[in-house]
Amino acid sequence: MLHIYNSLTGQKEEFKPIDGNRVRIYVCGMTVYDYCHLGHARVMVGFDAIVRYLRYRGYEVTYVRNITDIDDKIINRANELGVSTESLTDRYIRYMNEDLDALFVVKPDHEPRATEFIPNIVEMISELIERGYAYPAANGDVYYRTRQFKQYGKLSGTRLDELVVGARIAPDEMKNDPLDFVLWKGSKPGEPSWNSPWGQGRPGWHIECSAMSTSLLGSHFDIHGGGRDLLFPHHENEIAQSEAATDQTFVNVWMHNGYLEVNSEKMSKSLHNFLTIREILAQDLDPVRMGEILRFTFLMCHYRSPLNYSDSSLKNATVALRRIYLAIRKFEQSGISPSNQLNDDYLSRFQTVMDDDFNTPDALAVIFDCVRDLNRAIDIESGATAGSLYQTLSILNGALGIGCMNASRFLGVELSVDSAGIRELVLQREEARRNRQWETADELRRQLTALGVELEDRPDGTSTWRKL
RNA sequence: GGCCGGGUGGCAGAGGGGUUAUGCAGCGGCCUGCAAAGCCGUCUACGCCGGUUCGAAUCCGACCCCGGCCUCCA
């Protein structure tokens, strides 16, 4: 039985899809005016693993992850660079896709952009005005009447009276109440804008997610996710907008990722302490290998816990992941055939921990137990057992989206700057060992070590190797 | 100030009333020409103080520290 922690109720709940076997999930993606940073990566990888697991579990998932391609920051950035907002967002969407590919993140079923849903947005705002939940102001803005929505604050646990203290009205805004928030922004000359009943303008940030999610998934769907920092006010406002406009429960389960931290501080744009995905990927000769290491780093920590990022997080992930790949390679070089007879014990342990709010660290513990068993089975030449464990391991890895690289590539065998030269030295050493010239063999090993190559001698006298 | 999280062994990081998390590192052994990898065994633990209980790292209360939200942020 799958249980998911619901931010709305503050507890783990049994998950029951609204419509039989179908699961409809919406995740807030990114605003594309800069490179993806590790905080984005954590959300994308986290929900990628969740969606993969839901599918593994047999659910028919419709996964929507939006792109915000119009807002103040995009406009400002485009102006700074002297380019159009479209060319700016196109560029960063391209970079985002490259980054996410490197992290083995599968494409969502729909990836709507705010600018493609202006009619839906306008329609929803009109509905809100009609129902008395919104009002146009003289400056061309349209605002949401927050106090009108009696359940406001139910997600974040805030009370309106407490919020008033911090609320403020910017000089150019014409709100009736400081708590009201903008649905539609009247545009200034020269800004990108769309036609609306309230004049030229653009959508506010919160409304686009309400419009896109309900348009693509219906007024009432199963799961809505995003980073913890979106819980308030973004998701709170989404609820207010959607439920006021449709009179229906918006979302059953709200899921939020813990923060990615650096030096125990939240990584964010405003603190200027963020690392981009591509900076990290560039740290290794093979960016794809680095992508999987980064992905693994995220999965070693539960999605709701804060993850304190450091260089040693990557090192930890590297050696842990290497253990998995060494076992895979060991099996592949053993000549044993994979077996279709899966190991029920591991499958069931894996499902138990993943069913408990997607506990990926526990799931990895199961995988490592399976790895140990596999190594053991290969060592004692128990072919049937090894074949079964190998196949089981592959299935479990696939459910998390790890271990899907070619083992030799991960271990760096095909990648070295001088593979041919290394191969030559390895062969020379094999020759020396055959002749029992241990001094020569050890000297060659020293040379290889200096090249960053670690040798593993096999019983038959040949050697395999990997990058240190 | 209000509202949320959290403090676990050398490190990372799950768990959560009595029984090995897991990975890395350490120690002992097997294997090896020597290594590496692998396997077997093994040491370090639950912020502080009280309480409940036969028994608490796990529940309750106070306290100390850390982080977050209350303004844009994944």
Side-chain angles (χ1 to χ4, degrees), chain A residues 7 10 27-31 34 36-47 65 68 71-73 153 156-159 161-168 170 205 225-234 236 256-261 263-271 274 296-297 299-302 304-308 310 312-324 326-327 329-330 353 356 359-369 371-380 433 436-439 441-442 445 449 453-459 463-466 468:
Chain A
S7 303
V27 172
C28 289
M30 69 177 294
T31 303
D34 205 346
C36 293
H37 66 237
L38 293 187
H40 296 118
R42 189 179 188 194
V43 172
M44 309 289 196
V45 169
F47 280 101
R65 191 186 62 214
T68 297
D71 90 326
D72 288 354
K73 278 176 290 212
S156 54
T158 47
R159 283 178 301 170
D161 297 334
E162 286 165 354
L163 285 175
V164 181
V165 183
R168 59 178 173 75
W205 176 40
R228 234 201 130 60
D229 44 357
L230 298 185
L231 194 139
F232 186 89
H234 184 56
E236 195 71 72
H256 294 95
N257 287 89
Y259 289 122
L260 190 88
E261 303 175 344
N263 299 323
S264 299
E265 264 189 334
K266 177 186 169 189
M267 178 181 291
S268 75
K269 295 270 170 110
S270 41
L271 292 172
F274 62 91
F296 199 87
T297 304
L299 297 179
M300 288 203 302
C301 180
H302 185 82
R304 279 192 289 119
S305 299
L307 167 48
N308 199 2
S310 69
S312 64
S313 338
L314 286 182
K315 279 203 194 80
N316 268 299
T318 307
V319 288
L321 197 46
R322 182 164 68 206
R323 181 169 159 78
I324 295 174
L326 280 169
R329 182 172 70 169
K330 183 172 174 159
V353 297
D356 183 14
N359 194 329
T360 54
D362 265 353
L364 291 176
V366 174
I367 283 177
F368 281 112
D369 282 347
V371 164
R372 170 175 298 108
D373 250 2
L374 172 60
N375 279 324
R376 193 162 26 202
I378 300 169
D379 282 345
I380 64 170
R433 293 182 69 229
R436 307 182 68 79
Q437 295 166 337
W438 309 127
E439 289 297 320
D442 288 347
R445 175 160 58 200
T449 304
V453 169
E454 178 89 62
L455 288 158
E456 288 176 35
D457 295 342
R458 287 187 285 226
S463 299
T464 188
W465 56 277
R466 63 186 164 84
L468 272 172

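Keep in mind that what you see is a predicted model, and the values were worked out from it rather than measured. As a basis for the values below, the full set of heavy atoms in this structure was taken, side chains included, without hydrogen atoms, waters or symmetry mates.
As rounded to whole Å, 18 Å separates atom P of A21(B) from atom CG of Asp373(A). Rounding to whole angstrom units, NZ of residue Lys330(A) and P of A37(B) are separated by 11 Å. Between His302(A) atom NE2 and G15(B) atom P the separation is 7 Å, expressed in whole Å. Between the CG atom of Leu231(A) and the P atom of C73(B) there is a distance of 13 Å, rounded to whole Å. Atom pair Asp71(A):CG and C73(B):P shows a separation of 8 Å (rounding to whole Å applied). Met300(A) places its CE atom 10 Å from the P atom of A14(B), with the value rounded to the nearest Å. The nearest whole Å value for the distance from the CG atom in Leu321(A) to the C1' atom in U22(B) is 14 Å.
Taking the C1' atoms as reference points, C24(B) lies 15 Å from A37(B), given to the whole Å. Look at the C1' atom in both A45(B) and U22(B): the space between them is 15 Å, to the nearest Å. The same atom, P, is picked in A57(B) and in U52(B); the two are 15 Å apart, to the nearest Å. On the C1' atoms, A12(B) is 16 Å away from G26(B), given to the nearest whole Å.
How far CZ of Arg42(A) is from SG of Cys301(A): 4.5 Å, rounded to the nearest 0.5 Å.
Nucleic acid contact class of Arg228(A) (heavy atoms, under 4.0 Å, all strands): sugar-phosphate only. Using a 4.0 Å heavy-atom cutoff across all strands shown, His37(A) reaches at least one base atom of the nucleic acid. Within 4.0 Å of Gly29(A), counting heavy atoms only, lie sugar-phosphate atoms of the nucleic acid but no base atom. Across all strands shown, Glu456(A) has heavy atoms under 4.0 Å from base atoms, whether or not it also approaches the sugar-phosphate. In this structure, Leu326(A) reaches the sugar-phosphate backbone alone: every heavy-atom distance under 4.0 Å involves primed, P, OP1 or OP2 atoms, never a base. Using a 4.0 Å heavy-atom cutoff across all strands shown, Ser305(A) reaches sugar-phosphate atoms only and no base atom. As judged by a 4.0 angstrom heavy-atom cut-off over every strand, Ala365(A) is placed among the base-contacting residues. Using a 4.0 Å heavy-atom distance criterion, Ile378(A) is classed as making no nucleic acid contact. Within the 4.0 angstrom heavy-atom criterion, base atoms lie near Met267(A).
Applying the Watson-Crick and G-U wobble criteria (two distances, each under 3.5 Å), G5(B) pairs with C66(B). In this entry U44(B) has no Watson-Crick or G-U wobble partner, no candidate having both defining distances under 3.5 Å. Remark: A21(B) base-pairs with no nucleotide; criterion is Watson-Crick or G-U wobble with both hydrogen-bond distances under 3.5 Å. Across all strands shown, the partner of C39(B) is G29(B), judged by Watson-Crick or G-U wobble contacts whose two distances both fall under 3.5 Å.
A salt bridge does not link Asp379(A) to Arg376(A): none of the charged nitrogens lies less than 4.0 Å from a carboxylate oxygen. With respect to Lys73(A) and Asp34(A), no salt bridge is recorded, no charged nitrogen being found less than 4.0 Å from a carboxylate O.
You'll find that the side chain of Tyr259(A) is closest to C69(B), out of C34(B), C73(B), C69(B). The side chain of Ser268(A) lies closest to C73(B), out of U22(B), G13(B), C73(B). Closest to the Pro233(A) side chain, of the nucleotides G38(B), C72(B), G16(B), is C72(B). Side chain of Val319(A), nearest nucleotide from C24(B), A36(B), G68(B): C24(B). For Cys301(A), whose side chain is taken as the heavy atoms from C-beta onward, the closest listed nucleotide among G33(B), C69(B), G13(B) is G13(B). Distance from the side chain of Phe232(A) is smallest for C70(B) among the nucleotides G13(B), C70(B), A14(B). Closest to the side chain of Arg445(A), from the set G23(B), A21(B), A35(B), is A35(B). Closest contact between the side chain of Arg433(A) and the listed nucleotides A21(B), U22(B), C34(B) involves C34(B).
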| task | Apply the test side chain to side chain contact (heavy atoms under 4.5 Å, CB included) to residues Leu326(A) and Arg466(A): give CA-CA distance (whole Å), side-chain angles for both, the deciding distance (0.1 Å), then the verdict. | result | CA-CA 9 Å; Leu326(A) 280 169; Arg466(A) 63 186 164 84; 3.8 Å; yes
| request: Report the C-alpha distance between Arg329(A) and Glu456(A) in whole Å, list the side-chain angles of each, state the deciding distance to 0.1 Å, and finish with yes or no for side chain to side chain contact (heavy atoms under 4.5 Å, CB included). | output: CA-CA 12 Å; Arg329(A) 182 172 70 169; Glu456(A) 288 176 35; 3.6 Å; yes
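If you check distances only, the side chain of Asp457(A) does reach the base of C34(B) with a donor-acceptor pair under 3.5 Å. In the interface, the side chain of Lys73(A) is not paired with the base of C73(B) through any donor and acceptor atom under 3.5 Å apart. Under 3.5 Å, the side chain of Asp379(A) and the base of G38(B) form no donor-acceptor pair of N or O atoms. Asp362(A) contributes no side-chain N or O that forms a donor-acceptor pair with the base of G15(B) under 3.5 Å.
Ring geometry for Trp205(A) against His234(A) counts as parallel: the plane angle stays under 30°, on a 0 to 90° scale with 60° as the upper cut.
Regarding contacts with the backbone of C39(B), a side-chain N or O of Asn375(A) is found under 4.0 angstrom from either OP1 or OP2. Checking the phosphate oxygens (OP1, OP2) of G23(B), a side-chain nitrogen or oxygen of Arg372(A) falls inside 4.0 Å. One finds a side-chain N or O of Arg323(A) lying less than 4.0 angstrom from the OP1 or OP2 phosphate oxygen of G23(B). One finds a side-chain N or O of Asn359(A) lying less than 4.0 angstrom from the OP1 or OP2 phosphate oxygen of G15(B). Side-chain N/O atoms of Lys315(A) include none lying less than 4.0 angstrom from OP1 or OP2 on C11(B).
Inter-residue side-chain proximity for Asp442(A) and Arg445(A) is flagged as met; some heavy-atom pair is nearer than 4.5 Å. Residues Asn359(A) and His302(A) are in side-chain contact: their nearest non-hydrogen atoms beyond the backbone lie under 4.5 Å apart.
Residue Ser313(A) is the one, among Ser313(A) and Met30(A), whose nearest nucleotide of RNA chain B lies closer to the 5' end (criterion: closest heavy atom).
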